[in-house]
2 protein chains.
Amino acid sequence: MSDPRLLTLTEKLKRRGYRLTPQRLAILNILAASEGHPTVEQIHARVHVEFPTTSLATVYKTIAMLKAEGEVLELGFGNISRYDGSKPQPHPHLICTRCQSIVDPDEHLFADLSKDLTKKYGYQITSYRIDYFGICPECQHQNV
Amino acid sequence: MSDPRLLTLTEKLKRRGYRLTPQRLAILNILAASEGHPTVEQIHARVHVEFPTTSLATVYKTIAMLKAEGEVLELGFGNISRYDGSKPQPHPHLICTRCQSIVDPDEHLFADLSKDLTKKYGYQITSYRIDYFGICPECQHQNV
DNA sequence: TTATGTGCAAACAGTTTGCACATAA
DNA sequence: TTATGTGCAAACTGTTTGCACATAA
């Protein structure tokens, strides 16, 4: 357990009285890294390697628990959701529609928008969702 | 039929060989106005007043047809979708989480972002989704 | 007249839930 | 020891589909 995010997460959950079962630890491990912002199915498949009895329901329940604790960011895309447990605060995403990879662009590009919207429209902004879709440089170069 | 958007829409569909049934016209009527960015249920309920036999399936099929023609913008929120048939191109939204109203903020605030992202990350941006969530001025003033 | 659209009911996919059993603390 | 978590299967929700009948053009 060298990942500092994983450490913060397990400490918090322990403090909050949650049990750290092997299934949960495996799920947390994947979410703390959040490589590629996995779907529930992908998380389940990966946990399954180590713990073959783990059910989808447990993955869903663990994610629900983490959402309640504000420790995972859910990115819903139509009927599929992907999760980021390494940076659970809202932040913009840059998504390749060819290879499905997700990049987190520099947030400074978007820094003043909340304030601008409050000033111009009087809204108290509480959250946001910003996704840009396109073709990543790698996919552009392999013209398939 | 005084709404220019509705006129453009019906003309295009006629030209493309689609039949303009009474059900479709009623749905188009609602979507062309898109007051409040209605859900499928809301569209169905409103069409139902005039045409009580209209099924949900027809509403879904009509929306699917309009999506294929690029004439409606779908805004998925978790398990619910809302539709904008008056301005089907991607554009930012400002959403009140109290009264569910949706405002279209000035797009100029976001004008350069696509270009900035292309320059900085090499992505060819094809589309985007920008939603800001908050409390609208009206809801702020009625502290319930 | 006939290709297209409608409406019903069944199917579908992702998610949630109830409950008996298992287990972390 | 016992309150909490797990795993299964059933339920649920929004959406899609197949098919017989209806109808716009």
Side-chain angles (χ1 to χ4, degrees), chain A residues 1 9-31 37-69 71-72 74-83 100, chain B residues 1 9-31 37-69 71-72 74-83 100:
Chain A
M1 205 202 281
L9 210 43
T10 49
E11 296 281 283
K12 170 169 177 176
L13 296 179
K14 230 182 289 180
R15 221 179 316 123
R16 301 295 239 100
Y18 293 102
R19 289 189 190 165
L20 297 181
T21 64
Q23 295 91 329
R24 275 191 183 163
L25 283 171
I27 295 167
L28 293 180
N29 218 329
I30 292 165
L31 280 173
H37 299 66
T39 64
V40 165
E41 288 292 350
Q42 290 170 335
I43 295 168
H44 182 245
R46 292 181 56 183
V47 175
H48 214 262
V49 176
E50 221 184 330
F51 302 98
T53 69
T54 308
S55 67
L56 260 181
T58 292
V59 180
Y60 278 112
K61 284 169 181 169
T62 300
I63 289 174
M65 177 268 276
L66 290 170
K67 277 202 278 183
E69 293 294 331
E71 293 296 344
V72 72
E74 182 173 34
L75 297 175
F77 296 102
N79 61 355
I80 210 105
S81 284
R82 297 175 64 174
Y83 298 89
Q100 317 303 324
Chain B
M1 205 202 283
L9 210 44
T10 50
E11 297 281 282
K12 170 169 176 176
L13 297 180
K14 229 183 290 181
R15 221 180 315 123
R16 302 294 240 102
Y18 293 103
R19 290 188 190 168
L20 297 181
T21 64
Q23 295 92 327
R24 275 189 182 165
L25 283 171
I27 295 167
L28 294 179
N29 218 329
I30 292 165
L31 280 173
H37 299 66
T39 65
V40 164
E41 287 292 349
Q42 290 170 335
I43 295 168
H44 182 245
R46 291 181 56 183
V47 174
H48 214 261
V49 176
E50 221 185 330
F51 301 99
T53 69
T54 308
S55 68
L56 261 180
T58 293
V59 180
Y60 278 112
K61 283 168 181 170
T62 301
I63 288 173
M65 177 267 278
L66 290 170
K67 276 202 278 183
E69 292 295 331
E71 293 297 342
V72 74
E74 182 172 34
L75 298 175
F77 297 100
N79 60 356
I80 209 105
S81 284
R82 296 174 63 174
Y83 297 90
Q100 316 303 326

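Just so it is clear, the values below take in all heavy atoms, side chains as well, and ignore hydrogens, waters and symmetry mates.
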Open item on the list: List the residues meeting side chain to side chain donor-acceptor pair (under 3.5 Å) with B/H44, not counting sequence neighbours, and say none if there are none.
Closed with: none

TODO: Quick one: list whatever passes salt bridge (charged side-chain N to carboxylate O under 4.0 Å, His left out) with A/R15, sequence neighbours left out.
DONE: none

Task: Whole angstrom value for the distance that separates P of C/dT16 from CG of A/L56 - done: 12 Å

Open item on the list: Expressed as a whole number of angstroms, how long is the span from A/E74:CD to C/dT16:P?
Closed with: 8 Å

- [ ] Figure out the CZ/C1' separation between A/F77 and D/dG14, and round it to whole Å.
- [x] 19 Å

Open item on the list: Test of understanding: with side chain to side chain donor-acceptor pair (under 3.5 Å), list the residues that count as partners of A/K12, not counting sequence neighbours.
Closed with: A/E71

- [ ] Report the distance from atom CD1 of B/I80 to atom C1' of C/dT15, rounded to the nearest whole Å.
- [x] 14 Å

Open item on the list: Please convert DNA chain D into dot-bracket. A pair counts if it is Watson-Crick or G-U wobble with both distances under 3.5 Å; crossing pairs go in [ ] and bases paired with another strand get |.
Closed with: |||||||||||||||||||||||||

Open item on the list: For B/I80, give me all partners under side chain to side chain contact (heavy atoms under 4.5 Å, CB included), at least two apart in sequence or on another chain.
Closed with: B/T39, B/F77

Which pairs would a plain distance check flag for residues 57-68 of chain A, meaning a side-chain donor or acceptor within less than 3.5 Å of a matching protein atom at least two apart in sequence or in another chain?
unit_1, atom_1, unit_2, atom_2, d
A/T58, OG1, A/S55, OG, 3.2
A/T62, OG1, A/T58, O, 2.8
A/K67, NZ, A/E74, OE1, 2.8

Open item on the list: Can you measure B/I63 atom CD1 to D/dG14 atom C1' for me and round it to whole angstrom units?
Closed with: 12 Å

Task: Within residues 13-20 of chain A: residues closer than 4.0 Å to DNA chain D (heavy atoms) - done: A/Y18, A/R19

Task: Value in whole Å for how far the C1' atom of C/dA13 lies from CD of A/E41 - done: 10 Å

Task: Which residues share a side chain to side chain donor-acceptor pair (under 3.5 Å) with A/Q100, sequence neighbours left out - done: none

- [ ] Please name all residues satisfying side chain to side chain donor-acceptor pair (under 3.5 Å) with B/E69, sequence neighbours left out, ordered by chain then number.
- [x] B/R16, B/Y18

Task: CG-CG distance between A/L13 and A/L28, expressed to the nearest 0.5 angstrom - done: 6.0 Å

Task: Side-chain heavy atoms of B/E41 within contact of B/L56, under 4.5 Å - done: yes

Provide a list of protein-nucleic acid N or O atom pairs under 3.5 angstrom, restricted to nucleotides 6-12 of chain D.
unit_1, atom_1, unit_2, atom_2, d
D/dT6, OP1, A/T21, OG1, 2.6
D/dT6, O3', A/Q23, NE2, 3.0
D/dG7, OP1, A/Q23, NE2, 3.3
D/dG7, OP1, A/T53, O, 3.2
D/dG7, OP1, A/T53, OG1, 2.8
D/dG7, OP1, A/T54, N, 3.4
D/dG7, OP2, A/S55, N, 3.1
D/dG7, OP2, A/T58, OG1, 2.9
D/dG7, O5', A/T53, O, 3.4
D/dG7, O6, A/K61, NZ, 2.6

TODO: Look at B/Y60 and D/dT15 and indicate whether a side-chain polar atom (N or O) is within less than 4.0 Å of OP1 or OP2.
DONE: yes

